[in-house]
Engineer: 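Below you will find the structure I want to go over with you.
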Number of protein chains: 2
Amino acid sequence: MAGQKAARPGGKNPEDRVGARNREKILRAAVDVFARKGLDGTRIQEIADHCGLPKANVYYYFSTKQEIYTHVIEHLLTGWDKAFEHITPDRDPREAIAVYVRAKLDYSRKHAAESRFFANEMLRGAHFLSKQQKLHMQRVTRERSAVVEGWVRDGKMAPVDARHFFIMLWAATQFYGDFEPLAANALEKSKLAKADYDAAAAAITTIVLDGCGVSA
Amino acid sequence: MAGQKAARPGGKNPEDRVGARNREKILRAAVDVFARKGLDGTRIQEIADHCGLPKANVYYYFSTKQEIYTHVIEHLLTGWDKAFEHITPDRDPREAIAVYVRAKLDYSRKHAAESRFFANEMLRGAHFLSKQQKLHMQRVTRERSAVVEGWVRDGKMAPVDARHFFIMLWAATQFYGDFEPLAANALEKSKLAKADYDAAAAAITTIVLDGCGVSA
DNA sequence: TTGGAAGTTGACATTTTGGTCAGGTTCTTC
DNA sequence: GAAGAACCTGACCAAAATGTCAACTTCCAA
């Protein structure tokens, strides 16, 4: 009797259940479509087509479009602060920042859809970010800004507003992935290649590091 | 007779005709809605409500949603390269760049809807920019990059890839307006005030100028 | 004054969309 | 191998969207 739910975790491994795999499939497809069309512009049918499932099957897993959307946000925010891990007090600022820029640019290039989805959500006013999620982002930003401020205090960097500093890095690194058509057009190419991202990393680190008196 | 029409608001001047004014009204409302919802997410009814015209009246001036969209693009691209005017060979790079950053940030703040509309279009892949419009942007970018390259040749600036340099400036200056929620959150405010834009301008110019060896 | 052009609009036709559902198949456990 | 949970899906519906239209008013030049 009571065993019903407890004893029934599907297969041995919950991650192997059909449902778990399908949820993933849907979420992955949803990121793609949401990134290009936004919440209102996205048709459930398009998500369904994109992951090869009938529309009704999508509704079996998620009961509304909004629910898919918020799940995607939740999913993405998990990795949001990943690159920040490179910013630690013990590291040399020059190296730490260079690695951070690389990591951010890499993410922008390899996970363009995720990155654009996030940009889209910000563009629309971030109405689907929960208070809690905002606070998390605030806390992380505050912590890593403190590290930069520490570097400044220790004379390892020129005085700079740490938060605007990070904003500038976010802006520069996201730009290439999110606004690829604009960046490519400026470089007079039809699309960006890895080499362009390398050049971007070089330019950004040079400008920013020298600008903050971190040059070797 | 002749005196009448000349005196009337809708007289001989085509710009004064009711139609011209209404077209303007519709386009202005459309920028706002498109900026928030994108092409697919925008309902004509919402544009109509936003400018106080019945939906059928909107259709009297524009026959499809796409037509409104492309007109908006056309309209916006007129002012796209405005800030670039500050980048001229005869000026001192330090001053020119500082003014450019200010101008860009100002635009971002005062014309947030236009700026976001543009960002949205890039995010979606810029499918509605005509070949000709892309070429125009390319030409302008090329011209102003040449100015920067001249400054470098003259030893007024450290060697830097001019195009990546501009991309960085675009990114940094657009970020505050386009991704306001993210920027505000990072600064732990509920929304950005003019003072925050001032601080941003200061931080950006400091970092970028020192980073390019333009410091006084 | 008048005739035609420009502008206005409520109502309508058509298509698309989000979401539901009933009846089915497959999987897991005992 | 039986029972029930998990999963699948074609067909459907109500709401919402785009775009049309015909009748109407206002404007303007001669």
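Sequence lines set the chain letters: A, B, ... in the order given, protein chains first and strands last, and positions in each chain run from 1.
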Engineer: With sequence neighbours excluded, tell me which residues meet side-chain hydrogen bond (donor to acceptor under 3.5 Å, both in side chains) with A:Lys37.
Structural biologist: A:Glu46
Engineer: If only side-chain N and O atoms of B:Asn22 are considered, is one of them under 4.0 Å from the OP1 or OP2 phosphate oxygen of C:dT8?
Structural biologist: yes
Engineer: I need the full list of ring-ring contact (aromatic ring centres under 6.0 Å, His included) pairs touching residues 37-60 of chain B, with sequence neighbours left out, sorted by first then second residue.
Structural biologist: none
Engineer: Between A:Glu121 and A:Phe128, what is the shortest heavy-atom contact and its length?
Structural biologist: OE2-N, 2.9 Å
Engineer: Starting at atom CZ of B:Arg23, determine the distance to atom P of C:dA6, rounded to an integer number of angstrom.
Structural biologist: 11 Å
Engineer: Pairs in or reaching into residues 105-116 of chain A: which pass salt bridge (charged side-chain N to carboxylate O under 4.0 Å, His left out), with residues at least two apart or in two chains?
Structural biologist: A:Asp106-A:Lys110
Engineer: Please list, in numerical order, the residues of residues 38-56 of chain B that have a heavy atom closer than 4.0 Å to any atom of DNA chain C.
Structural biologist: B:Pro54, B:Ala56
Engineer: Under the salt bridge (charged side-chain N to carboxylate O under 4.0 Å, His left out) rule, what pairs show up with a residue in residues 50-68 of chain A, not counting sequence neighbours?
Structural biologist: none
Engineer: Mind running a 4.0 Å heavy-atom check of residues 59-70 of chain B against DNA chain C and sending the residues that fall below it, in number order?
Structural biologist: B:Tyr60, B:Tyr61
Engineer: In chain order, what residues pass the side-chain hydrogen bond (donor to acceptor under 3.5 Å, both in side chains) check against B:Glu188, with sequence neighbours excluded?
Structural biologist: A:Arg142, A:Arg163
Engineer: Considering residues at least two apart in sequence or located in another chain, which fulfil the ring pair (Phe, Tyr, Trp, His ring centres under 6.0 Å) criterion with B:Tyr107?
Structural biologist: B:His111
Engineer: For B:Asn57 and C:dA6, give me the distance from atom CG to atom C1', rounded to whole Å.
Structural biologist: 11 Å
Engineer: Output the rounded distance in Å from CD1 (A:Ile26) to C1' (D:dC8).
Structural biologist: 12 Å
Engineer: Please enumerate all residues that pass side chain to side chain contact (heavy atoms under 4.5 Å, CB included) together with B:Thr78, with sequence neighbours excluded.
Structural biologist: none
